[in-house]
Amino acid sequence: MEIERKFLVNNIDNLDLTKYKKKSIIQDYLYFDRLSCIRKRKIESNNEIKYTYTIKTDKTGISVNEIEKEIDEKTYNSLEKNDKYITINKDRYIIPYKNHKIELDIFKDKYEGIIFAEIEFESVEIANNFELPKWFGKEISENITNAEMATKDLNSFIKGIKKNTIYKINSIKFI
């Protein structure tokens, strides 16, 4: 079970990202519906490449069942990308914070300018009572997943953010 809260981030100017571990991630979705998603990932870090295959099901609030398996390059390449979905390309920085890890995702290509921060927790209770960094923006934990993002272009994604809040990310207004 993965228990995770996700936030938009509007400004990382005060973060020295060179201090943190960086991973470059290419993420393709093979299948997605309202109950489950299947993805493959290529993760590059410190001149090493890792490949994973992930199934997520039964998302409820901030919880989702997740099965993830490391696979080899041949298997990764044999899993054909589904052209219905946009490839997600991002740099992820791992930032230690209060005995947890913030995963700061800075999106590239079609989602250039979008920045998410995610934190995984041991329980929903801990997640709901956790003191968040002041640089976190609007919470989107229950509003959008990366799989849903892969089904939308940037303009559709922006429209999907709650309409009653105006939020800026690198000069993009979310209305």
Side-chain angles (χ1 to χ4, degrees), residues 1-12 14-17 19-46 48 50-71 76 85 88-107 111 114-152 157-158 160-165 167 169 174:
M1 176 72 67
E2 178 184 67
I3 300 166
E4 178 178 81
R5 291 180 69 187
K6 182 185 297 192
F7 301 84
L8 290 169
V9 176
N10 68 336
N11 189 334
I12 57 171
N14 293 328
L15 293 176
D16 180 2
L17 296 179
K19 296 182 349 185
Y20 306 113
K21 182 178 178 183
K22 176 185 170 186
K23 300 176 183 182
S24 294
I25 299 172
I26 297 172
Q27 187 165 293
D28 283 305
Y29 286 87
L30 311 176
Y31 177 80
F32 172 70
D33 65 23
R34 64 181 191 82
L35 299 175
S36 61
C37 73
I38 301 171
R39 74 168 184 229
K40 67 177 186 174
R41 271 186 176 170
K42 178 180 179 181
I43 305 162
E44 293 185 55
S45 179
N46 298 325
E48 293 181 14
K50 176 179 165 182
Y51 302 93
T52 62
Y53 178 82
T54 306
I55 301 170
K56 292 188 177 193
T57 62
D58 299 325
K59 180 167 175 49
T60 306
I62 62 172
S63 302
V64 66
N65 289 323
E66 180 181 75
I67 301 166
E68 186 166 85
K69 179 179 179 178
E70 192 166 337
I71 57 176
Y76 174 86
Y85 309 119
I88 301 225
N89 191 350
K90 61 189 176 181
D91 286 333
R92 171 171 284 173
Y93 294 87
I94 310 301
I95 302 171
Y97 182 76
K98 297 187 181 270
N99 297 320
H100 286 75
K101 291 185 287 186
I102 296 170
E103 295 178 336
L104 182 73
D105 289 344
I106 300 173
F107 290 84
Y111 291 105
I114 304 298
I115 303 171
F116 289 166
E118 303 173 348
I119 304 179
E120 288 188 29
F121 298 94
E122 301 80 28
S123 72
V124 172
E125 182 180 357
I126 292 170
N128 289 334
N129 293 306
F130 193 75
E131 182 183 335
L132 301 168
K134 295 196 184 320
W135 52 271
F136 276 23
K138 180 179 170 188
E139 184 162 7
I140 56 169
S141 301
E142 297 183 43
N143 298 69
I144 192 146
T145 65
N146 285 357
E148 292 164 331
M149 196 172 165
T151 67
K152 302 173 180 352
F157 170 74
I158 291 169
I161 301 301
K162 286 187 176 178
K163 295 183 184 279
N164 64 350
T165 303
Y167 205 85
I169 295 182
F174 289 84

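Atom CG of Asn14 has 12 or fewer neighbouring heavy atoms from other residues, nucleotides or ligands inside a 6.0 Å radius. Few gaps surround CD on Glu122; more than 12 heavy atoms of other groups in view lie less than 6.0 Å from it.
The shortest non-hydrogen separation linking Leu104 to Ile12 is CD2-CG2, 4.1 Å. Across all their heavy atoms, Met1 and Asn65 have their closest contact at CE-OD1, 3.2 Å. Across all non-hydrogen atoms, the minimal contact from Cys37 to Tyr29 is SG-CE2, 4.1 Å. Considering all non-hydrogen atoms of both residues, Glu148 and Asn143 come closest at OE1-O, 3.8 Å. Closest of all the heavy-atom pairs between Ser36 and Tyr31 is OG-CE2, 3.8 Å. Counting all heavy atoms, side chain and backbone alike, Ile114 lies closest to Met149 at CG2-CE, 4.2 Å.
Salt bridge absent: Glu2 and Lys59 never bring a charged side-chain N and a carboxylate O closer than 4.0 Å. Checked for salt-bridge contact, Glu103 and Lys90 miss the test: no charged N lies under 4.0 Å from a carboxylate O.
The CG atom of Asp16 sits 10.0 Å away from atom CD1 of Ile95, with the distance rounded to the nearest 0.5 Å. Between the CD atom in Glu120 and the CD1 atom in Ile3 there is a gap of 9.5 Å [rounded to 0.5 Å]. The structure places CG of Asp58 at 7.0 Å from CG of Leu35, a figure rounded to the nearest 0.5 Å. If you take CD on Glu68 and CD1 on Ile55, they are separated by 10.5 Å, rounding to the nearest 0.5 Å. To the nearest 0.5 Å, atom NZ of residue Lys138 and atom CD1 of residue Ile140 are 8.5 Å apart. Rounded to the nearest 0.5 Å, atoms CD1 (Ile26) and CD1 (Ile88) are 12.0 Å apart.
Side-chain contact between Leu17 and Ile106: present, with at least one pair of heavy atoms (C-beta onward) separated by less than 4.5 Å. A 4.5 Å side-chain heavy-atom check between Asn146 and Arg39 finds every atom pair outside the cut-off.
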I would like to know whether Leu30 and Tyr53 meet side chain to side chain contact (heavy atoms under 4.5 Å, CB included); could you show each step before the answer?
-> CA-CA 10 Å; Leu30 311 176; Tyr53 178 82; 3.9 Å; yes
Evaluate side chain to side chain contact (heavy atoms under 4.5 Å, CB included) for Ile126 paired with His100, printing each intermediate quantity in order.
-> CA-CA 11 Å; Ile126 292 170; His100 286 75; 4.3 Å; yes
Could you go step by step and tell me if Asn11 and Trp135 meet the side chain to side chain contact (heavy atoms under 4.5 Å, CB included) rule?
-> CA-CA 7 Å; Asn11 189 334; Trp135 52 271; over 6 Å; no
Start with the C-alpha distance between Ser123 and Glu125, add both sets of side-chain angles, then the distance that settles side chain to side chain donor-acceptor pair (under 3.5 Å), and finish with yes or no.
-> CA-CA 5 Å; Ser123 72; Glu125 182 180 357; 5.3 Å; no
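Not a single donor-acceptor pair under 3.5 Å links the side chain of Thr60 to the backbone N or O of Ser63. Checking side-chain atoms of Lys40 against main-chain N and O of Tyr76 turns up a donor-acceptor pair under 3.5 Å. Proximity of a side-chain donor or acceptor of Arg5 to a complementary backbone N or O of Ala127 within less than 3.5 Å is detected. No donor-acceptor pair closer than 3.5 Å links the side chain of Glu48 to the backbone N or O of Ser45. No donor-acceptor pair under 3.5 Å is formed between the side chain of Thr52 and the backbone N or O of Glu70. In this structure a side-chain-to-backbone donor-acceptor pair under 3.5 Å is present from Tyr85 to Phe32.
Under the ring-ring contact (aromatic ring centres under 6.0 Å, His included) rule, Phe116 has a single partner from Phe107, Tyr111, Phe136, Phe7, which is Phe107.
Between Tyr20 and Tyr93, a ring centre-to-centre spacing not shorter than 6.0 Å is recorded.
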